[in-house]
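Remarks on the structure that follows.
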Number of protein chains: 2
Amino acid sequence: MSSETWSSATCASDEQSCRHGRSAVGCAACTVRFVSVCDALTSDELAELESLSRHVSHGPRETVFTQDEAASAVYNITEGAVRLVRLLPDGRRHITGFALVGDFLGLALPERHTTTAEALSHVTLCRFERRAFQDLVARKPHLLQRLHERAGYELGLAQDQMLLLGRRGAEEKVASFLLTLRGRYARIGLTSVTLELPMGRQDIADHLGLTIETVSRTLTRLDRDRTILIVPGGVRLLDLPRLERLGG
Amino acid sequence: MSSETWSSATCASDEQSCRHGRSAVGCAACTVRFVSVCDALTSDELAELESLSRHVSHGPRETVFTQDEAASAVYNITEGAVRLVRLLPDGRRHITGFALVGDFLGLALPERHTTTAEALSHVTLCRFERRAFQDLVARKPHLLQRLHERAGYELGLAQDQMLLLGRRGAEEKVASFLLTLRGRYARIGLTSVTLELPMGRQDIADHLGLTIETVSRTLTRLDRDRTILIVPGGVRLLDLPRLERLGG
DNA sequence: CGCACACTTGAGTCGGCTCAACCCTCGTGG
DNA sequence: CCACGAGGGTTGAGCCGACTCAAGTGTGCG
């Protein structure tokens with residue numbers, strides 16, 4: 001039994017969204033609506049979407065869904081962050097990306113999930129049955145349009161990441177990673193000087209194609225020369241211009 | 001003036017497809033139709049699509065379109081191959097991928113191209129004005145559906161590539177590259193024992209995040225231990241099991 | 001206190017990069 | 001016909017940065 005199923009059970013879901021947390025008062029009042037695909041819908045359609053949705057939540061390290069398993073649902077993150085993991089036959093793992101608030105999981109509406117999604121912190125999600133969501137999409141071309149735009153954006157991110165992985169240089173990778181994350185936070189309205197890093201060093205390493213030791217060393221070096229300041233749970237970006245010079 | 005525009009001019013295009021080459025006898029008889037997005041259309045719709053299309057062709061090293069320039073058109077490759085290049089501010093370049101027969105350029109229908117596309121050999125393409133194509137797509141949800149599926153597939157490829165770039169090992173990278181290419185050729189019905197490599201060593205290096213010397217050395221090593229045989233314009237795969245062991 | 005876990009730090013190794021020379025083919029022109 | 005140069009590819013010597021292995025720090029928690 002997957003933890004996904006488990007969490008659905010713990011969340012006493014009924015017709016409308018359940019009230020187990022501080023969010024979940026309906027799509028119209030959804031805090032992430034304007035940064036998500038739902039933005040494409042009229043209020044009527046929003047109501048229809050809402051009837052399909054169930055809120056689910058997961059604690060840290062729990063699995064939302066697993067690579068290669070049948071994709072019974074797609075998700076929209078309303079709180080927290082998850083890591084998207086690809087496992088190799090030989091045991092090595094790679095983190096294709098980190099999904100933040102407002103991000104959509106299952107954008108391509110695939111038959112089977114291509115990655116495993118694991119919660120980094122406490123995370124809440126809007127869960128849609130895939131078939132029902134697919135039916136809705138088939139009837140609402142502009143929603144599909146929106147999904148497709150988003151997929152194009154993701155494709156661009158993936159290409160940036162490929163570029164990053166190809167050009168070596170640990171410092172470049174780490175600096176660029178921090179800047180990218182900063183940019184994504186800004187995109188959803190979080191512009192704090194302190195950058196939260198909900199993922200561990202090992203996750204960053206597996207994302208950048210480095211080892212945990214190299215990530216750690218690089219961060220401490222950036223800390224030593226006052227480019228960043230390492231704080232519990234994240235970093236403070238002290239010298240943005242230099243960081244941008246390092247990251248490209 | 002871009003070479004794209006230039007080529008359009010040399011191809012005396014009129015209502016139907018022009019007859020400058022051995023292809024171009026109309027969408028219904030198109031050799032790449034069943035491996036491309038056009039497969040989603042009925043014959044009526046195909047006729048409509050055809051009225052939007054112009055055949056263009058490019059010689060080796062010519063640019064089809066350039067990164068960051070306004071995307072006036074999207075393309076379907078009917079013959080030949082192109083490389084998709086991303087240029088960095090500091091001059092380094094990365095090849096995000098190689099597009100083969102049947103591949104669609106501009107899948108995400110972007111305002112501006114995210115990569116530069118350069119012909120590797122003589123290449124012919126079906127060219128669609130982006131706006132007109134977009135209008136058609138807006139009226140044909142199942143075509144959009146098909147584009148979106150394809151985008152999902154591309155996203156998967158990009159993730160595989162990220163994984164490849166992250167896990168080091170030149171031998172692994174090269175072996176995997178050859179196998180991936182073989183798989184893509186097979187997908188469009190080309191199952192020859194000899195694998196054509198229309199791209200140069202430098203292109204492979206820029207695609208895999210290696211140097212040209214390392215690519216060359218790795219290929220010669222594979223040649224020496226009889227895993228492959230280097231032939232003009234490509235390689236022959238002699239020991240597939242071993243190659244698969246090397247590539248994952 | 002003692003354990004677990006995440007992270008940091010150090011010493012030595014190794015694979016791919018750098019720099020440089022060389023080979024081969026092809027096209028051009030004397 | 002050969003000389004020449006250009007471009008793509010190959011090969012070699014030495015270096016450097018990231019990995020490996022190993023130990024040490026710090027914090028939270030039972």
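All of these numbers come straight from a predicted model, not from anything done at the bench. Naming convention: chains lettered A, B, ... in sequence-line order (proteins, then strands); numbering from 1 in each chain.
- The environment of CD in A:Glu196 is sparse: at most 12 heavy-atom neighbours from other residues, nucleotides or ligands sit within 6.0 Å.
- Between B:Val85 and B:Thr115, every side-chain heavy-atom pair lies at or beyond the 4.5 Å cut-off.
- Residues forming a side chain to side chain contact (heavy atoms under 4.5 Å, CB included) with B:Thr227 (at least two apart in sequence, or on another chain): B:Leu222, B:Asp225, B:Asp239, B:Arg242, B:Leu243.
- Looking at A:Leu84 and A:Leu105, their side chains come closer than 4.5 Å, going by heavy atoms from C-beta outward.
- Applying the salt bridge (charged side-chain N to carboxylate O under 4.0 Å, His left out) rule to A:Arg86 yields the partners B:Asp160; only residues at least two apart in sequence or on another chain are considered.
- For B:Arg167, the side chain to side chain contact (heavy atoms under 4.5 Å, CB included) test picks out A:Leu88, A:Arg92, B:Leu163, B:Leu164, B:Glu172, B:Ser176, with sequence neighbours left out.
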Whether each nucleotide of nucleotides 25-30 of chain D has a protein heavy atom under 4.0 Å at its base (B), only at its sugar-phosphate (S) or at neither (-) is summarised, 5' to 3', as ------
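- Of the residues in residues 204-211 of chain A, none lies under 4.0 Å from DNA chain C by heavy-atom distance.
- The shortest distance between side-chain heavy atoms of B:Val235 and B:Asp223 does not fall below 4.5 Å.
- Checked by atom type and distance alone, the side chain of A:His113 never pairs as donor or acceptor with a backbone atom of A:Glu69 at under 3.5 Å.
- Two end axes, each from the C1' atoms of five base pairs, can be drawn for the helix from C:dC1-D:dG30 to C:dG30-D:dC1; they diverge by 20°, to 10 degrees.
- Every residue meeting the side chain to side chain contact (heavy atoms under 4.5 Å, CB included) condition with A:Ser36, not counting sequence neighbours, appears here in chain and number order: A:Cys38, A:Asn76.
- Shown here are the side-chain hydrogen bond (donor to acceptor under 3.5 Å, both in side chains) partners of B:Glu118, two or more places apart in sequence or in another chain: B:Arg83.
- A 4.5 Å side-chain heavy-atom check between B:Ile77 and B:Val32 finds every atom pair outside the cut-off.
- In this structure a side-chain-to-backbone donor-acceptor pair under 3.5 Å is missing from A:Thr124 to A:Ser57.
- For the pair A:Thr218 and A:Lys173, the minimum side-chain heavy-atom distance is 4.5 Å or more.
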Atom pairs, protein N/O to nucleotides 8-12 of chain D N/O, distance under 3.5 Å:
from: D:dG8; atom 1: OP1; to: B:Arg61; atom 2: NH2; distance (Å): 3.4
from: D:dG9; atom 1: OP2; to: B:Arg201; atom 2: N; distance (Å): 3.1
from: D:dT10; atom 1: OP1; to: B:Arg201; atom 2: NH2; distance (Å): 3.4
from: D:dT10; atom 1: OP2; to: B:Arg201; atom 2: NE; distance (Å): 2.9
from: D:dT10; atom 1: OP2; to: B:Ser216; atom 2: OG; distance (Å): 2.7
from: D:dT10; atom 1: O5'; to: B:Ser216; atom 2: OG; distance (Å): 3.1
from: D:dT11; atom 1: OP2; to: B:Thr220; atom 2: OG1; distance (Å): 3.3
from: D:dG12; atom 1: N7; to: B:Arg217; atom 2: NH1; distance (Å): 2.8
from: D:dG12; atom 1: O6; to: B:Arg217; atom 2: NH2; distance (Å): 3.3

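- Contacts between chain A and DNA chain C, taken as any atom within less than 4.0 angstrom of a protein heavy atom, begin and end at C:dA6 to C:dA11.
- Scanning for side chain to side chain contact (heavy atoms under 4.5 Å, CB included) contacts around B:Ser192 gives B:Thr194, with sequence neighbours left out.
- For B:Asp103, the salt bridge (charged side-chain N to carboxylate O under 4.0 Å, His left out) partners two or more places apart in sequence, or in a different chain, are B:Arg150, B:Arg184.
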